[in-house]
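Here is the structure we will look at.
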Amino acid sequence: MKYFKKVITVIVLSIILSTIFKITVAFAAPENNLPVFNFIKPSGNPTETATTLQLLVALTILSIAPSILIMMTSFIRVVIVLSFVRNGLGMQQVPPNQVLIGLALFITFFVMAPVFSDINNNAIIPYMNQQISTEEALKRAEKPLRDFMFKQTREKDLALFLHYAKLQKPVNTLDDVPTYVLIPSFIISELKTAFQMGFIIFLPFLVIDMIVASALMSMGMLMLPPIMISLPFKILLFVMVDGWDLVIKSLIAGFH
């Protein structure tokens with residue numbers, strides 16, 4: 001039986017190797033007209049070179065699209081505030097991460113809808129209709145995002161990165177601020193805003209924890225975890241005040 005398995009294995013390997021050899025010979029044959037991509041020899045056709053560069057730019061944009069969605073939109077603030085809500089309630093797995101991230105994504109799409117619509121109308125559609133060049137399309141797509149980030153960026157954070165950027169040209173208007181300076185300024189501004197909102201959200205839950213812990217200590221129930229007793233009260237308070245509606249309303253209002 002073992003000998004039979006070895007024979008079958010040898011036969012299969014022989015078939016695979018012979019097939020690979022035939023394919024290699026077919027591609028190497030000069031009379032074969034199959035297209036062969038040569039990445040070493042430069043192309044003599046300017047059109048092919050331009051197409052290749054456009055393809056590389058498109059692949060680069062697609063590869064950094066998740067980072068753009070996370071770091072240059074409202075996603076940072078939304079997901080951090082929702083995480084504060086869950087931690088304030090004292091529930092580590094409810095709602096699960098998939099639900100929080102999904103909710104944060106849809107809120108981000110809702111908040112960024114005017115920006116995305118502007119990019120689509122002024123950059124993507126004209127570019128697809130071959131009315132503008134790739135460089136012009138990127139400039140038009142960048143402007144709405146920059147305007148959105150400028151509205152949410154604090155002057156102090158922007159001045160911090162402008163100071164360490166040591167730009168050669170003086171910055172007189174917002175158009176003179178490079179995008180690589182604006183993005184980190186926007187991110188730390190969003191982090192600060194999200195933590196401020198998270199602190200306000202945490203306070204009511206902290207008060208409930210302190211009241212429950214004091215009550216348990218006064219009754220001598222030191223072995224009973226206060227978090228276990230305060231959890232139903234925090235959930236009850238959050239439901240009675242319609243907490244999700246208040247949190248989402250505050251998030252959306254903060255961007256308008």
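- Using a 4.5 Å heavy-atom threshold, the side chains of S250 and M197 count as touching.
- Shown here are the side-chain contact (heavy atoms from CB on, under 4.5 Å) partners of I200, two or more places apart in sequence or in another chain: there are none.
- In this structure F161 satisfies the ring pair (Phe, Tyr, Trp, His ring centres under 6.0 Å) test with no other residue, sequence neighbours excluded.
- Linking Ile, Leu, Val, Met, Phe, Trp and Tyr residues whenever their side-chain heavy atoms come within less than 4.5 Å places V247 and V239 in a single cluster.
- In this structure, CZ on F148 lies 7.0 Å from OG1 on T73, to the nearest 0.5 angstrom.
- Counting only residues at least two apart or on different chains, no salt bridge (Lys or Arg N to Asp or Glu O under 4.0 Å) pair has a member in residues 85-107.
- V111 is connected to F109 through a chain of hydrophobic side-chain contacts under 4.5 Å among Ile, Leu, Val, Met, Phe, Trp and Tyr, so both are in one cluster.
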**OP:** Take M112 and L145, measure what side-chain contact (heavy atoms from CB on, under 4.5 Å) needs, and give me the verdict at the end.
**Re:** CA-CA 9 Å; M112 301 296 297; L145 277 177; 4.0 Å; yes

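- Judged as a salt bridge (Lys or Arg N to Asp or Glu O under 4.0 Å), the pairs with a partner in residues 144-155 (not counting sequence neighbours) are, in order, K143-D147.
- Two different hydrophobic clusters hold V207 and F233 under the rule that ILVMFWY side chains link at heavy-atom gaps under 4.5 Å.
- Listed by first and then second residue, the salt bridge (Lys or Arg N to Asp or Glu O under 4.0 Å) pairs that reach into residues 90-103 come to none, sequence neighbours excluded.
- We find the CG-CG distance between L251 and L246 to be 11.0 Å, quoted to the nearest 0.5 Å.
- Residues I70 and I76 share a closest heavy-atom pair of O-CG1, 3.0 Å.
- Cluster membership for M210 and F238, using ILVMFWY side-chain heavy atoms within less than 4.5 angstrom, is not shared.
- Among pairs with a residue in residues 68-78, those fulfilling salt bridge (Lys or Arg N to Asp or Glu O under 4.0 Å) read R77-E190, at least two apart in sequence or across chains.
- Applying the salt bridge (Lys or Arg N to Asp or Glu O under 4.0 Å) test to E136 and every residue at least two apart in sequence or in another chain returns R140.
- Residues forming a salt bridge (Lys or Arg N to Asp or Glu O under 4.0 Å) with K156 (at least two apart in sequence, or on another chain): none.
- When the side chains of ILVMFWY residues are joined at heavy-atom separations under 4.5 Å, either directly or via intervening members, V85 and F199 end up in two distinct hydrophobic clusters.
- Listed by chain and residue number, nothing satisfies the ring pair (Phe, Tyr, Trp, His ring centres under 6.0 Å) test with F150 (two or more places apart in sequence, or in another chain).
- For the atom pair CG (L182) and CG (L162), the distance works out to 9.5 Å, reported to the nearest 0.5 Å.
- Annotation for F255 and V78: closest pair CE1-CG2, 4.3 Å, computed over non-hydrogen atoms.
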Below 3.5 Å, can you tabulate the donor-acceptor pairs from side chains in residues 113-123 to any protein atom, sequence neighbours excluded?
residue: S117; atom: OG; partner: N121; partner atom: ND2; Å: 3.4
residue: D118; atom: OD1; partner: N122; partner atom: ND2; Å: 2.2
residue: N121; atom: ND2; partner: S117; partner atom: O; Å: 3.1
residue: N122; atom: ND2; partner: D118; partner atom: O; Å: 3.4

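- To the nearest 0.5 Å, the span separating OG on S83 from CD1 on I101 amounts to 8.0 Å.
- Interatomic distance, D157 CG to S185 OG, rounded to the nearest 0.5 Å: 6.5 Å.
- Among all heavy-atom pairs drawn from G198 and F84, the shortest one is CA-CG, 3.5 Å.
- Side-chain atoms of T179 and E142 include a donor-acceptor pair closer than 3.5 Å.
- Residues passing the side-chain contact (heavy atoms from CB on, under 4.5 Å) test with N87, sequence neighbours excluded: Q92, F202.
- Applying the salt bridge (Lys or Arg N to Asp or Glu O under 4.0 Å) test to D242 and every residue at least two apart in sequence or in another chain returns nothing.
- Expressed to the nearest 0.5 Å, how far CD1 of I252 lies from CD1 of I107 amounts to 6.0 Å.
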